[in-house]
Colleague: 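Let me give you the structure first, and then I'll get to my questions.
As the structure is a computational prediction, the values presented were derived from the model and not from experiment. Chain naming here is simple, since letters A, B, ... match the order of the sequence lines and numbering starts at 1 in each.
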Protein chains: 2
Amino acid sequence: MAKAKTAIVKANTEEHIRARNEKMILKAAVELFSRKGFDGTRIAEIAQVSGLPKANVYYYFATKQAIYTRLIESLLAGWDKALEHISADREPREALAAYVAAKLEYSRKHTSESRLFANEMLGGGQFISRQQKQHVRAITRERAAVIQGWIKKGKLAPVDPNHFLIMLWATTQFYADFASVTAVTLGKGRLNGADFEEARKTIVEVVLNGAIAPMEPAKNSQRSLKIR
Amino acid sequence: MAKAKTAIVKANTEEHIRARNEKMILKAAVELFSRKGFDGTRIAEIAQVSGLPKANVYYYFATKQAIYTRLIESLLAGWDKALEHISADREPREALAAYVAAKLEYSRKHTSESRLFANEMLGGGQFISRQQKQHVRAITRERAAVIQGWIKKGKLAPVDPNHFLIMLWATTQFYADFASVTAVTLGKGRLNGADFEEARKTIVEVVLNGAIAPMEPAKNSQRSLKIR
DNA sequence: GTCTATATGTTGATAGAC
DNA sequence: GTCTATCAACATATAGAC
């Protein structure tokens, strides 16, 4: 009895330690990979940032690529959720505004993951499996179909759904991925919550209503709800 | 006389060789840096791709960073030009459409340079000098002032000029920088001219007129020229 | 200008004591 | 589970013969 209990306690502790250390390694790794890419990141750096000796990193992950692949996996999983806002049963104006807000929020809270994926895309997507690519394509198609449905109902201008989605993707991720230069452009040291809010307002306003002023300019961002 | 002439010929040849080799090195380097970043790129790779022995690369460039810095320099120089389209003496509709077209074209023709800069931004802009950052900020401010002028004249919707510029920047660069995943999203192996043209149309249409359909939907992308 | 050989340090990964 | 010591391979950069 006593022996068995000890074994369980020990197992729990070991599991706990494993969970904690893996988490620390992954946290350090995503930050480094996101800034320097796969080839540019050294295991020694990951070890240093996570506060573990290099050999311990190898104890939890067989290879450098195993860490990287794990991070890509968890990122793609998190992405499906953001696109759920674009659903056929909502009004396009509301759905698109919600999507932009959610995506900006996500990219702000998961900056490193977002950058990691950007880095992976720049590198040509070498570490994304064929299966994962098919998945990305499938969920994009689903949402493009929703947009096409809105267009057919006359609720949305007749734009190419795929390119429209890419536009939304591009604008909402830019702030997180390229924060360093965005901050310089805005004349700031660092982006804060107010900057993201201003970005959200501008993106929603332009995407929904366009930049060209109507004949009788309105004062707020809801103008076209009123004048149309 | 004969001796002097020989010396001149030799110097010309040497200059020519130098120019040619430096060009090959820079061409190979921009491609590699753009895909793998600074730390991820090896001098041996640059040498291999440019068809020169590694030691020759060091003959023309003292350090790896010297190559990288040179590339950043030439990229920033090429950028100023694209922004010139946004000038106060043009109508916003025409100027913005021209800018989007020019920027897309530029990013398509200089894909590697564009990606290199994206990579540099992901890395936090470590290799961009303070002076270069100030330059970026200065030219952005100029163009933001032009946009502000359009808004004051009632020609443009009252959006934040800086964020509006960032939107244009994001949408026009996405295709070049993230071509690998964009192609997957569009269900293609590779992006071609028609894809870029469709992207241009979509971006211009959405940025100028917005995505929400007007009461009486028009059939072409010039719709708001007619109904407004 | 070209290129072989090499100095000097760093890398991903492992062996094995604790 | 932890960590020192270490390996073979590879990195940036240089010396010096041609």
Colleague: Give a yes or no answer on whether the side chain of A/Arg143 reaches the backbone of A/Ile86 with a donor-acceptor pair at less than 3.5 Å.
Modeller: yes
Colleague: In whole angstrom, give the distance that lies between atom CG of A/Asn56 and atom C1' of C/dG12.
Modeller: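 In whole Å, C/dG12 C1' lies 16 Å from A/Asn56 CG.
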Colleague: Using a cut-off of 4.0 Å between protein heavy atoms and nucleotide atoms, how would you tag nucleotides 11-18 of chain D 5' to 3' with B, S and -?
Modeller: SBBB----
Colleague: Under a 4.0 Å heavy-atom cut-off, which of residues 21-31 of chain B touch DNA chain D?
Modeller: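 Here the set is empty: none.
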Colleague: Measure OH/A/Tyr60 against P/C/dT14 and give the value in whole Å, please.
Modeller: 17 Å
Colleague: Using ring-ring contact (aromatic ring centres under 6.0 Å, His included), reason through B/Tyr175 and A/His163 one step at a time and then give a plain yes or no.
Modeller: CA-CA 10 Å; B/Tyr175 290 87; A/His163 286 285; 5.5 Å; yes
Colleague: Do the non-hydrogen side-chain atoms of B/Ile43 and B/Tyr58 ever get within less than 4.5 Å of each other?
Modeller: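 B/Ile43 reaches B/Tyr58 side chain to side chain.
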Colleague: Whether the side chain of B/Trp169 engages the backbone of B/Phe164 through a donor-acceptor N/O pair (distance < 3.5 Å, no angle test) should be reported.
Modeller: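 No: the side chain of B/Trp169 does not pair with the backbone of B/Phe164.
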Colleague: Just say parallel, tilted or perpendicular for the rings of A/Phe178 and A/Phe174, cut-offs at 30° and 60°.
Modeller: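 Plane angle over 60°, so perpendicular.
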Colleague: State whether the side chain of A/Ser114 and the backbone N or O of A/His110 hold a donor-acceptor pair below 3.5 Å, judged by distance alone.
Modeller: no
Colleague: Taking atom C1' of C/dT11 as reference, at what distance in whole Å does atom CZ of A/Phe38 sit?
Modeller: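 Between C1' of C/dT11 and CZ of A/Phe38: 12 Å.
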Colleague: Any heavy-atom pair between the side chains of B/Lys64 and B/Phe33 that's under 4.5 Å?
Modeller: yes
Colleague: If you look only at distance, which donor and acceptor atoms sit under 3.5 Å apart when one is on a side chain in residues 68-76 of chain B and the other is two or more places apart or in another chain?
Modeller:
unit_1: B/Tyr68; atom_1: OH; unit_2: B/Glu120; atom_2: OE1; d: 2.5
unit_1: B/Thr69; atom_1: OG1; unit_2: B/Gln65; atom_2: O; d: 2.7
unit_1: B/Arg70; atom_1: NH2; unit_2: B/Glu22; atom_2: OE1; d: 3.0
unit_1: B/Glu73; atom_1: OE1; unit_2: B/Gln132; atom_2: NE2; d: 3.0
unit_1: B/Ser74; atom_1: OG; unit_2: B/Leu71; atom_2: O; d: 3.3

Colleague: Nearest whole Å is fine: how far is C/dC3 C1' from B/Tyr59 OH?
Modeller: 13 Å
